Amino acid sequence: MLKTGELLGAFIVPTGIGASIGGFAGDASPYARKFSNIGKLIVNPNVVNAGGFSGIDYNMYYLEGYSLDEFFKGNIGIKDSSNNKIGIIIDKSLPKDVLNVHINTINAVNAVYGIDCTTIEVTDEEVGVEFFVNEQGVSMGSVKNVETLKRAGEKLLEKGCKALAIVCLFDDETSEDYENGVGVDPIGGVEAIISHYISRELKVPCAHSPAFKDYSISPKIVNKKASSEYITPTFLPCILIGLNNAPLLTNNTDITIDNLDYLVMPANALGAIPVFEALKRNIKIYAIKENVTLLNVTNVSIHETCGINIIDTYNNCLEQIKNAFKNE
C-alpha cells in the first residue's frame, strides 16, 4: 500500500497484441476506472488513449511501457506530479498542412484544459517510421532514424519540459478487421518502440501519437471500440491529457514496486516483465479470461503453480481484490 494507506494496483494491457479489451481505442478505460475507484492505479497509455478522448482520471498513474518494466524491476520509482510542462517532438517529415492541424490541436488542448503543451521541437531529420503485422498477427515495425527524436527531446528538456509527446508521420493505413472490432492495431507495435526508446534514453514520462497525411474524418460506421479514432483528425489530445499529470520518474524513491498490491493482465498475455517481477515479489496477479489476445502465454504455460489467479470477468476480479484487501 501507499503511505496514505491507499491500495496501489497496476492495470496493464500490452500494445499491438490484439487484446479484445484494450486493443483498440481507449476501450479498456471503463474497466480501469472501476479499479481506480478503489485506490491508485498504474495504467499504460494503451489502456486509456482514445484519439480526441482520454479515459484517464486523477487516481491513475500514466506510465509508458519501458518505464513500467523498470518500475516492476525495482530500478525506478514514480513521484506524484501535476501540470507537467510537456514538450512536443514533431517529425520533420510532416507536411505543412498536417503540421498545422497538429498545431491547432495543441493550441486547443492548451486553451480548453490549461495544459502547458505549446513548446515544440521539430526533428533535424526525418524519422522514417515503418509498420507491419507479422505472420502471427502481432503489430511490428521499425524506425530508421530514432536518434533524431532523442536530439529533439534533449532540446525540450533543456527548455524545462518534464514530459515529452512524440508525433511521427505514418503511412496512411486501414484495417477492416480493426474497424470491425477484431484483430490488431497495425501501428501499436512501432509506437511502443518509439516511446520505449525515448523513455529509456531520456528518463521522462512520454507517449507517442501518430500523424497521417489523410486527416479527414471518416463517415464510415465502425465498431464502437475503434470509433474514437475515426472522428478526429489527430490522436494527440489523449496523450497530452495523459502526460499532464503523469508521474515523474525517480531513482527508486517515493512510490516503488514495494508499494504495489496487485497486477491485472489479460489471461493469455502473461509472458511480460511485470508478471515475472510480480511473481518474484509475491504480488497478487489477476489474469482476466474475458480479455484474450493473439498470444498464448497462460499461467499453465508458465508453471502449473505460479500463483496467478485466473478470473472470468473484470467485475469478479474487482470483487476479489476488494475482499482480499478489505481487512488490511
Side-chain angles (χ1 to χ4, degrees), residues 15-16 24-25 45-46 49-52 54 64-66 86-109 117-134 139-156 161 163-175 178-179 184-202 204 206-218 226 228-243:
T15 304
F24 297 87
N46 188 55
N49 283 354
S54 172
E64 178 275 336
Y66 176 82
I86 304 168
I88 303 180
I89 302 171
I90 301 284
D91 184 352
K92 183 180 180 180
S93 59
L94 264 67
K96 182 66 174 176
D97 58 339
V98 178
L99 175 61
N100 288 348
V101 168
H102 282 77
I103 290 174
N104 281 338
T105 302
I106 291 164
N107 288 336
V109 170
C117 59
T118 57
T119 306
I120 297 171
E121 188 69 38
V122 177
T123 60
D124 53 13
E125 298 176 10
E126 295 186 355
V127 178
V129 176
E130 296 180 348
F131 63 92
F132 60 93
V133 176
N134 70 11
S139 175
M140 306 286 285
S142 63
V143 185
K144 292 180 180 178
N145 189 6
V146 72
E147 292 84 2
T148 191
L149 293 172
K150 179 182 177 182
R151 291 193 293 271
E154 288 171 336
K155 292 177 182 177
L156 289 167
C161 297
L164 297 174
I166 309 150
V167 179
C168 293
L169 185 67
F170 283 57
D171 289 334
D172 294 335
E173 54 83 21
T174 58
S175 169
Y178 186 75
E179 292 173 355
V184 63
D185 180 357
I187 68 171
V190 73
E191 284 196 284
I193 291 172
I194 293 167
S195 61
H196 283 30
Y197 171 79
I198 292 298
S199 182
R200 185 190 73 206
E201 294 295 315
L202 301 181
V204 292
C206 69
H208 179 268
S209 171
F212 299 97
K213 291 179 181 178
D214 180 6
Y215 46 82
S216 60
I217 295 175
S218 172
S228 67
E229 293 186 349
Y230 286 78
I231 58 170
T232 177
T234 165
F235 308 108
L236 192 52
C238 62
I239 73 169
L240 295 177
I241 294 168
L243 290 171

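Bear in mind the structure is a predicted one, so any value in this text is a computation, not a measurement. Excluded from the calculations below are hydrogen atoms, water molecules and symmetry mates; all remaining heavy atoms, backbone and side chain alike, are included.
- A donor-acceptor pair under 3.5 Å is formed between the side chain of Ser195 and the backbone N or O of Ala192.
- One distance of note links CG of Asn46 with CZ of Phe24; it measures 10.5 Å at 0.5 Å rounding.
- Residues passing the side chain to side chain donor-acceptor pair (under 3.5 Å) test with Thr105, sequence neighbours excluded: none.
- For Lys144, the side chain to side chain donor-acceptor pair (under 3.5 Å) partners two or more places apart in sequence, or in a different chain, are Glu130.
- Looking at every heavy atom in both residues, Ser199 comes nearest to Tyr66 through OG-CD2, 3.7 Å.
- Partner of His208 under the side-chain hydrogen bond (donor to acceptor under 3.5 Å, both in side chains) criterion, chosen from Glu64, Glu191, His196: Glu191.
- Scored by the salt bridge (charged side-chain N to carboxylate O under 4.0 Å, His left out) test, Glu201 finds Lys150 as partners (sequence neighbours excluded).
- When all heavy atoms of Ala165 and Leu236 are compared, the pair lying nearest together is CB-CD1, 4.5 Å.
- Phe170 approaches Cys168 most closely through the heavy-atom pair CD1-O, 3.3 Å.
- When all heavy atoms of Asp91 and Glu126 are compared, the pair lying nearest together is OD1-CA, 3.8 Å.
- With sequence neighbours excluded, no residue forms a salt bridge (charged side-chain N to carboxylate O under 4.0 Å, His left out) with Lys92.
- Rounded to the nearest 0.5 Å, atoms CG (Asn49) and OG (Ser54) are 6.5 Å apart.
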Using atom types as modelled, flag every donor-acceptor pair under 3.5 Å from a side chain in residues 97-104 to any protein atom, sequence neighbours excluded.
from   : atom 1 : to     : atom 2 : distance (Å)
Asp97  : OD2    : Tyr215 : OH     : 3.1
His102 : ND1    : Val98  : O      : 2.9
His102 : NE2    : Thr234 : OG1    : 3.3

Step-by-step side-chain contact (heavy atoms from CB on, under 4.5 Å) determination, Val129 to Ile194: CA-CA 9 Å; Val129 176; Ile194 293 167; 4.1 Å; yes
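- Rounded to the nearest 0.5 angstrom, Ile239 CD1 and Cys117 SG are separated by 10.0 Å.
- Summarising the geometry of Ala152 relative to Thr123, their closest heavy-atom pair is CB-CG2, 4.1 Å, with the distance given to 0.1 Å.
- Put simply, OG on Ser228 and CD1 on Ile231 are 6.5 Å apart, with the number rounded to the nearest 0.5 Å.
- Contact between Thr232 and Gly52 at its shortest, heavy atoms only, is CG2-N, 4.0 Å.
- Only one option out of Ile86, Ile88, Ile106 pairs with Thr118 in a side chain to side chain contact (heavy atoms under 4.5 Å, CB included); it is Ile106.
- The SG atom of Cys206 sits 8.0 Å away from atom CD1 of Ile89, with the distance rounded to the nearest 0.5 Å.
- With contacts defined as side-chain heavy-atom distances shorter than 4.5 Å, the pair Leu169/Val127 does not qualify.
- Residues meeting the salt bridge (charged side-chain N to carboxylate O under 4.0 Å, His left out) test with Arg151, sequence neighbours left out: Asp124, Glu125.
- Taken to the nearest 0.5 Å, the CD atom of Glu154 stands 8.5 Å off from the CD1 atom of Ile198.
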